[in-house]
Amino acid sequence: MAPENHITETAAAGSANFLRNIIQDDLASGKHASIVTRFPPEPNGYLHIGHAKSICLNFGLARDFGGECHLRLDDTNPAREDQEYIDSIKGSVRWLGFDWGEHLHHASDYFPQLYQWAEELVGKGVAYVDDLTAEEMRAYRGTLTEAGKESPYRNRSVEENLELFRRMRAGDFPDGSRVLRAKIDMASPNMNLRDPVMYRIVHEPHPHTGDAWCIYPMYDYAHGQSDSIEGITHSICTLEFEDHRPLYDWFLDQLCVYHPRQYEFARLNLTYTVMSKRKLLQLVRDGDVTGWDDPRMPTLDGLRRRGYTPDSIRAFCEQIGVGRNGSWIEMSVLEECVRSDLNVAAPRAMAVLRPLRLIVENYPEELAEEFSAANHPQRPELGVRSIPFCRELYMERDDFMEVPVKGFKRLAPGSEVRLRYAFIIRCTGVEKDESGVVTAVRCSYDRETLTGGPAADRKVKGVIHWVSARHGIQADVRLYDRLITVSNPSGDDWKSLLNPDSTEFLTGAVMEPSLAAARPEERFQFERQGYFCVDGKDSLPGKPVFNRTVTLRDSWAK
RNA sequence: UGGGGUGUAGCCAAGCGGUAAGGCAAUGGACUCUGACUCCAUCAUCCCUAGGUUCGAAUCCUAGCACCCCAGCCA
């Protein structure tokens, strides 16, 4: 079979999108023998689910077409970047399941080359040192509908520009006093071409180059050339950089170096949350969340702590597709991705979140039995575990209604229900406190109805989970809800849309004893309730804290 | 009112002149010791609008309309 066919077949594994089509054409036409992509985050924040879309796209394309994908830290602005972010970015990409192999790069690796090229452009007379202040420069830039004015420093001689640029680099000038600009066209309808800044002076230590530099390249000057140096074939970025493409092309053409092509796709928007690093940083700084890895955050570290699996996030990125339409993906798509992953992967367990005492009147006081429960109803190979049972149990408060509403299939006075993996019980009465609140439910059980027993097949309308009061363990459970109250938050007042009830911490939950051994990041389905993950940060040995990843679908709740 | 983009179901999204894939959501039903899972069925005479070309248009042409992005020494 021809290699082309092999490539086509492999590529068919991913769902169709315009970038795959472009790459297929480029490979078929021989424009490229193989492809090189890159994921180029700026280390000024933690990666979020939107970055995951880009990571899966770039690494996925490389994987499917037999190419390579580089991880490049776009570290051109030491004023905002930090080693903490570099570490978290690398961890997140690896956690998601991608490997950059030998190709971990930093834009700062190219500072010497970038500087040399800048001198070359000065020598060609297409770059100049400008002394205008930032405010003046803004005024000279013009507006969307009016052309800008040329700076009075625009026509300095090559010699003077070279001398000044070298002195900028040598540290002779304070921050903000001068910049190096490309000499393009102050009247361009594309604002990016109105003599964009190439270098600015920043006396600030850099996490990767230390104090070797006090001038730093701007994104537009650094990015395309970095792509060129690395031999990137398809430089994929988000839509807002579309206007920058002429500038990307301009630098590469002026320099006469290898010229990668830039393609843009629509960034991800997810309903009921915010996605920009700026806003996420604000939530962290203002203490609205506990950190970048707060389980409510759409960051990869947040989703991880919440219990999302790398597989589920990759499946999500595959499902949402890649296009050029500004789109909002409904949170339910993401939730469905974890559910379907965890439904297969997560062992089941019983936990009572809001306990209500359940007394089995005709069960002997001193007796205790162990019943066998499947760890996964559809996967017998996952085995069974035993669950202790005794006269006094806990049931879920929501599973009892003194005056049941129509359609209620759980326990109510006089009604019957099955205790999962145990007996069928009938409610015989309730106990209440002075204010009328039910404090305990009383019932009787029928021994014949034990799972596997002679009357086990008797039909009852409902099955409820339970935990032995004598054997159950206590554990903290944290329930999370959407961060933002409206589906499509926008504008400056987004902070007023924060959901005040996005966390609910439960301290009285009771669980089957096997859960005491749960390890950090271990995931379970608490039957009839949802998927839960042992918090990787706040759990102690033998004392797990459970985060609710997502509820089970509940067709009754509606 | 300058430039660059985008318009296919509630939300995404294939489609590239031959008669509207798929996923999520929703609805109805089957099954069930999780009101879960699974399964089955329904869900665009129509592709922003209006004209035009064509035997034939979501796909080509023309004119509109709507929405998004751009005036950091951020990326």
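Lettering of chains follows the sequences in order, A, B, ..., and the numbering in each one begins at 1.
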Enquirer: For A/Ile387, is there any backbone N or O sitting under 3.5 Å from a side-chain donor or acceptor partner on A/Glu370?
Expert: no
Enquirer: Can you run down the salt bridge (Lys or Arg N to Asp or Glu O under 4.0 Å) pairs that involve residues 262-272 of chain A, sequence neighbours left out, and say none if there aren't any?
Expert: A/Glu240-A/Arg267, A/Arg245-A/Glu264, A/Glu264-A/Arg324
Enquirer: What contact category does A/Arg141 fall into here, base, sugar-phosphate, or nothing, at under 4.0 angstrom with non-hydrogen atoms?
Expert: sugar-phosphate
Enquirer: Using a heavy-atom cut-off of under 4.0 Å over every strand shown, decide if A/Arg80 touches base, sugar-phosphate, or nothing.
Expert: base
Enquirer: Can you tell me if A/His106 and A/Asp75 form a side-chain donor-acceptor pair at under 3.5 Å?
Expert: no
Enquirer: Touch check for A/Ile320, heavy atoms < 4.0 angstrom, all strands: base, sugar-phosphate only, or nothing?
Expert: sugar-phosphate
Enquirer: For B/A13, what is the paired nucleotide under Watson-Crick or G-U wobble rules, both distances under 3.5 Å?
Expert: none
Enquirer: Pull up the glycosidic torsion of B/G28 and say syn or anti, syn being anything within 90° of 0.
Expert: anti
Enquirer: Return yes if the base of B/G72 and the side-chain atoms of A/Arg138 contain a donor-acceptor N/O pair under 3.5 Å, otherwise no.
Expert: no
Enquirer: Which value, in whole Å, describes the distance between the P atoms of nucleotides B/A26 and B/A36?
Expert: 12 Å
Enquirer: Check the pair A/Asp64 / A/Arg20 against salt bridge (charged side-chain N to carboxylate O under 4.0 Å, His left out), numbers first and verdict last.
Expert: CA-CA 10 Å; A/Asp64 294 345; A/Arg20 301 188 97 90; 2.4 Å; yes
Enquirer: So, is A/Thr76 near the phosphate of B/A75, with a side-chain N or O under 4.0 Å from OP1 or OP2?
Expert: yes
Enquirer: Give a yes/no on whether any side-chain N or O of A/Arg553 is located under 4.0 angstrom from OP1 or OP2 of B/C37.
Expert: yes
Enquirer: Atom CG of A/Asp341 and atom P of B/C37: how far apart are they, to the nearest Å?
Expert: 15 Å
Enquirer: Apply the ring-ring contact (aromatic ring centres under 6.0 Å, His included) test between A/Tyr199 and each candidate in A/Tyr216, A/Tyr221, A/Trp117; give the one that qualifies.
Expert: A/Tyr221
Enquirer: Rounded to the nearest angstrom, tell me the gap between atom NZ in A/Lys461 and atom C1' in B/U32.
Expert: 17 Å
Enquirer: Polar atoms only, N or O, under 3.5 Å: list the protein pairs with nucleotides 67-69 of chain B and their distances.
Expert:
none

Enquirer: List the residues meeting ring-ring contact (aromatic ring centres under 6.0 Å, His included) with A/Tyr363, not counting sequence neighbours, and say none if there are none.
Expert: A/Phe389, A/Tyr445
Enquirer: With both distances under 3.5 Å as the test, what is the Watson-Crick or G-U wobble partner of B/U1?
Expert: none
Enquirer: What side-chain donor-acceptor pairs closer than 3.5 Å can you find for residues 453-462 of chain A, not counting sequence neighbours?
Expert:
residue  : atom : partner  : partner atom : Å
A/Arg458 : NH1  : A/Asp446 : OD2          : 3.1
A/Arg458 : NH2  : A/Glu416 : OE1          : 2.7
A/Arg458 : NH2  : A/Glu416 : OE2          : 2.3

Enquirer: Mind running a 4.0 Å heavy-atom check of residues 191-208 of chain A against RNA chain B and sending the residues that fall below it, in number order?
Expert: A/Met191, A/Val197, A/Arg200
Enquirer: Can you confirm whether the side chains of A/Tyr128 and A/Asp195 place a donor and an acceptor under 3.5 Å from each other?
Expert: yes
Enquirer: What's the NZ-C1' distance between A/Lys279 and B/C74, to the nearest Å?
Expert: 16 Å
Enquirer: Any strand is fair game: report the nucleotide pairing with B/A26 by Watson-Crick or G-U wobble, both distances under 3.5 Å, or none.
Expert: B/U42
Enquirer: Tell me the partner of B/A66, counting only Watson-Crick (N1-N3 plus N6-O4 or O6-N4) or G-U wobble (N1-O2 and O6-N3) with both under 3.5 Å; none if nothing fits.
Expert: B/U6
Enquirer: What's the closest nucleotide to the A/Tyr219 side chain, out of B/U34, B/A75, B/A71?
Expert: B/A75
Enquirer: Measure from the side chain of A/Ala16, starting at C-beta and using heavy atoms only, and say which of B/A75, B/C37, B/A14 lies closest.
Expert: B/A14
Enquirer: Between A/Tyr248 and A/Gln262, does any side-chain donor sit less than 3.5 Å from a side-chain acceptor?
Expert: no
Enquirer: Does the side chain of A/Thr299 pick up a donor-acceptor pair with the side chain of A/His48 at under 3.5 Å?
Expert: no
Enquirer: Just call it for A/Gly452: base, sugar-phosphate, or nothing, with non-hydrogen atoms closer than 4.0 Å on any strand.
Expert: base
Enquirer: Please report the distance separating the C1' of B/U8 from the corresponding atom of B/U45, rounded so that it comes out in whole Å.
Expert: 15 Å
Enquirer: So which nucleotide from B/A75, B/G2, B/C24 ends up closest to the side chain of A/Val333?
Expert: B/C24
Enquirer: Mind checking if A/Gly407 touches a base, just sugar-phosphate, or nothing, with heavy atoms under 4.0 Å?
Expert: base
Enquirer: If you only use heavy atoms from C-beta on, which nucleotide in B/U6, B/A75, B/U1 is closest to the side chain of A/Asn325?
Expert: B/U6
Enquirer: Of A/His376 and A/Asn190, whose nearest nucleotide on RNA chain B comes first from the 5' end?
Expert: A/Asn190
Enquirer: By nearest heavy atom, map A/Gln525 and A/Thr133 onto RNA chain B; which one lands nearer the 5' end?
Expert: A/Gln525
Enquirer: Checking all strands, does A/Asn21 fall into the base, sugar-phosphate, or nothing category for heavy-atom contacts under 4.0 angstrom?
Expert: base
Enquirer: Check every strand shown and say whether A/Tyr221 touches a base, only sugar-phosphate, or nothing at a heavy-atom separation below 4.0 Å.
Expert: nothing
Enquirer: A/Leu281 has an atom CG; how far is it from atom C1' of B/A75, in whole Å?
Expert: 14 Å
Enquirer: Have a look at A/Ser332 and say if it touches a base, only the backbone sugar-phosphate, or nothing, with a 4.0 Å heavy-atom cut-off.
Expert: sugar-phosphate
Enquirer: In whole angstroms, how far is the C1' atom of B/A75 from the CG atom of A/Asn44?
Expert: 7 Å
Enquirer: Considering every strand and a 4.0 Å limit on heavy-atom distances, what is the contact class for A/Leu450: base, sugar-phosphate, or nothing?
Expert: base
Enquirer: If the cut-off is 4.0 Å, is A/Arg410 near the phosphate of B/G35, judged by side-chain N/O to OP1 or OP2?
Expert: no
Enquirer: Any N or O donor-acceptor pair under 3.5 Å from the base of B/A75 to the side chain of A/His244?
Expert: yes
Enquirer: Relative to each other, are the rings of A/Tyr115 and A/Trp213 parallel, tilted or perpendicular (30° and 60° limits)?
Expert: tilted
Enquirer: Counting any heavy atom closer than 4.0 Å, what does A/Arg418 reach on the DNA or RNA strands: base, sugar-phosphate only, or nothing?
Expert: base
Enquirer: Would you say A/Tyr110 and A/Glu230 are linked by a side-chain donor-acceptor pair, where the criterion is simply a distance under 3.5 Å?
Expert: yes
Enquirer: Which base, if any, makes a Watson-Crick or G-U wobble pair with B/U54, both distances under 3.5 Å?
Expert: none
Enquirer: Write down the partner of B/G72 under the Watson-Crick or G-U wobble criteria, each distance required to be under 3.5 Å.
Expert: none
Enquirer: Would you say a side-chain N or O of A/Arg324 is under 4.0 Å from OP1 or OP2 of B/U6?
Expert: yes
Enquirer: To the nearest angstrom, how far is A/Leu552 atom CG from B/U34 atom P?
Expert: 12 Å
Enquirer: Among the candidates B/C37, B/G2, B/C24, find the nucleotide nearest to the side-chain atoms of A/Glu336.
Expert: B/C24
Enquirer: Would you indicate what A/Pro377 reaches in the nucleic acid, counting non-hydrogen atoms under 4.0 angstrom: base, sugar-phosphate, or nothing?
Expert: base
Enquirer: For A/Arg420, what residues pass the side chain to side chain donor-acceptor pair (under 3.5 Å) criterion, not counting sequence neighbours?
Expert: A/Glu527
Enquirer: For B/C37, take OP1 and OP2 only and decide whether either is under 4.0 Å from a side-chain N or O of A/Ser340.
Expert: no
Enquirer: When you check the side-chain N and O atoms of A/Ser235 and A/Arg38, is any donor under 3.5 Å from an acceptor?
Expert: yes
Enquirer: Have a look at A/Met218 and say if it touches a base, only the backbone sugar-phosphate, or nothing, with a 4.0 Å heavy-atom cut-off.
Expert: sugar-phosphate
Enquirer: Hey, does A/Gln319 reach any base, or is it just sugar-phosphate, or nothing, if we go heavy atoms under 4.0 Å?
Expert: sugar-phosphate
Enquirer: Hey, does A/Arg348 reach any base, or is it just sugar-phosphate, or nothing, if we go heavy atoms under 4.0 Å?
Expert: base
